[in-house]
Amino acid sequence: MDIKKQKTNLRKAILEKRDHLTARYRSETSRIISASLLSLDSFQQSTVIAAYISFGSEFQTDAVLNEALRLGKTVVLPKIEPVSRALSFRTFNGKSEDLISGRWDIPEPDPEKSELIDHSQIEFVIVPGIAFSEQGFRLGYGGGYYDSLISKLPESSVTAAPAFPIQVVPEVPCEAHDLKVDLLITT
């Protein structure tokens with residue numbers, strides 16, 4: 001089976017499992033993972049944190065976003081640029097009214113109410129994904145946005161992927177452009 005088909009099959013299988021997790025389980029497990037993530041020295045020492053607004057059955061990012069803002073960190077969220085289709089990051093102040101519906105209806109910062117931040121300023125990145133290996137390889141949604149981002153970050157930046165236990169698999173099919181995250185955070 002070719003690697004694209006392997007990725008498609010794994011995406012489908014893990015999404016189906018993740019979608020069947022109860023809301024209570026996702027909430028409680030997200031709380032535990034958030035506490036682990038927030039206690040990391042690399043998170044505590046970073047001033048610019050890139051995160052995302054969770055959607056669907058993803059790890060719930062709200063506690064991490066709220067705590068980062070409370071700590072006075074600059075929080076930036078991804079925005080898919082309409083023309084280049086590249087991932088840019090813009091500031092987020094915690095106000096949902098300053099978000100707009102982006103690609104796939106994922107909330108993203110309104111360019112009129114946020115500031116563009118250069119990738120070189122990002123010190124810590126919370127990376128979404130569907131499946132992860134214990135070695136840190138990830139299977140995303142298939143757009144290559146985060147692989148591209150990771151390749152542009154300063155070497156000192158830390159990438160962390162929060163994941164429910166069912167998202168951690170022995171092996172993730174990889175291609176040359178697929179990049180690892182530094183930390184996998186699960187229960």
So do [Y] and [X] actually touch side chain to side chain, heavy atoms under 4.5 Å?
X      : Y      : result
Phe59  : Tyr52  : yes
Lys73  : Val48  : no
Thr47  : Thr74  : no
Arg138 : Val172 : no
Tyr141 : Ile130 : yes
Val158 : Val125 : no

Within one Ile-Leu-Val-Met-Phe-Trp-Tyr cluster: [X] and [Y], side-chain cutoff 4.5 Å:
X     : Y      : value
Leu21 : Leu184 : no
Leu65 : Leu71  : no
Ile80 : Leu149 : yes
Phe89 : Ile53  : no
Phe92 : Leu116 : no

Would you compute the distance between atom [atom1] of [X] and atom [atom2] of [Y] and round it to the nearest 0.5 angstrom?
X      : Y      : atom1 : atom2 : value
Lys17  : Ser57  : NZ    : OG    : 13.5 Å
Asp2   : Lys5   : CG    : NZ    : 8.5 Å
Arg90  : Glu112 : CZ    : CD    : 9.0 Å
Thr187 : Ile185 : OG1   : CD1   : 12.0 Å
Ser148 : Leu153 : OG    : CG    : 9.5 Å
Ile100 : Asp105 : CD1   : CG    : 11.5 Å

Looking at [X] and [Y], does any basic side-chain N land under 4.0 Å from a carboxylate oxygen?
X     : Y      : result
Lys4  : Glu175 : yes
Lys12 : Glu16  : no
Glu67 : Arg70  : yes
Lys7  : Asp178 : yes

Check whether any side-chain N or O of [X] sits under 3.5 Å from a backbone N or O of [Y] as a donor-acceptor pair, and report yes or no.
X      : Y      : value
Lys79  : Pro111 : no
Ser84  : Ala86  : yes
Thr22  : Tyr25  : yes
Glu108 : Leu77  : no
Gln44  : Leu38  : yes
Thr61  : Ser54  : yes
Ser114 : Pro109 : no
Gln60  : Ser30  : no
Asp182 : Ala160 : no
Asn66  : Asp62  : yes

Legend entry - Trace of the side chain to side chain contact (heavy atoms under 4.5 Å, CB included) decision for Tyr146 with Leu87: CA-CA 8 Å; Tyr146 278 86; Leu87 201 62; 3.9 Å; yes
Legend entry - More than 12 heavy atoms of other groups within 6.0 Å of His177 NE2: yes
Legend entry - Enclosure of Glu134 CD (heavy-atom neighbours >12, cutoff 6.0 Å): no
Please name the pair of heavy atoms, one in [X] and one in [Y], separated by the smallest distance, quoted to 0.1 Å.
X      : Y      : value
Leu183 : Ser42  : CD1-OG, 4.2 Å
Leu10  : Pro173 : CD2-CD, 3.7 Å
Val75  : Ala68  : CG2-CB, 3.7 Å
Leu69  : Gly94  : CD1-CA, 3.5 Å
Val64  : Ser34  : CG2-OG, 3.5 Å
Thr159 : Val181 : OG1-CA, 3.2 Å

Inset, instruction - Identify, with sequence neighbours excluded, every residue that meets side-chain contact (heavy atoms from CB on, under 4.5 Å) alongside Gln135. - result: Ser133, Phe137
Inset, instruction - Check each of Arg31, Arg26, Arg24 against Glu28 using the side-chain hydrogen bond (donor to acceptor under 3.5 Å, both in side chains) test, and report the only one that passes. - result: Arg24
Inset, instruction - Go through the steps for Asp110 and Leu99 under the test side chain to side chain contact (heavy atoms under 4.5 Å, CB included), then give the verdict. - result: CA-CA 5 Å; Asp110 183 341; Leu99 298 172; over 6 Å; no
Legend entry - Qualifying ring-ring contact (aromatic ring centres under 6.0 Å, His included) pairs, either residue in residues 109-134, two or more places apart: Phe43-Phe124
Inset, instruction - Scan side-chain atoms only and decide if Glu123 and Ser156 contain a donor-acceptor pair under the 3.5 Å cut-off. - result: no
Inset, instruction - Kindly determine whether Leu37 and Ile126 satisfy side chain to side chain contact (heavy atoms under 4.5 Å, CB included), including the steps that lead there. - result: CA-CA 9 Å; Leu37 195 152; Ile126 301 167; 4.0 Å; yes
Inset, instruction - Decide side chain to side chain contact (heavy atoms under 4.5 Å, CB included) for Arg18 and Ile166; before the verdict, give the C-alpha distance in whole Å, the side-chain angles of both, and the deciding distance to 0.1 Å. - result: CA-CA 7 Å; Arg18 196 179 76 187; Ile166 57 106; 3.9 Å; yes
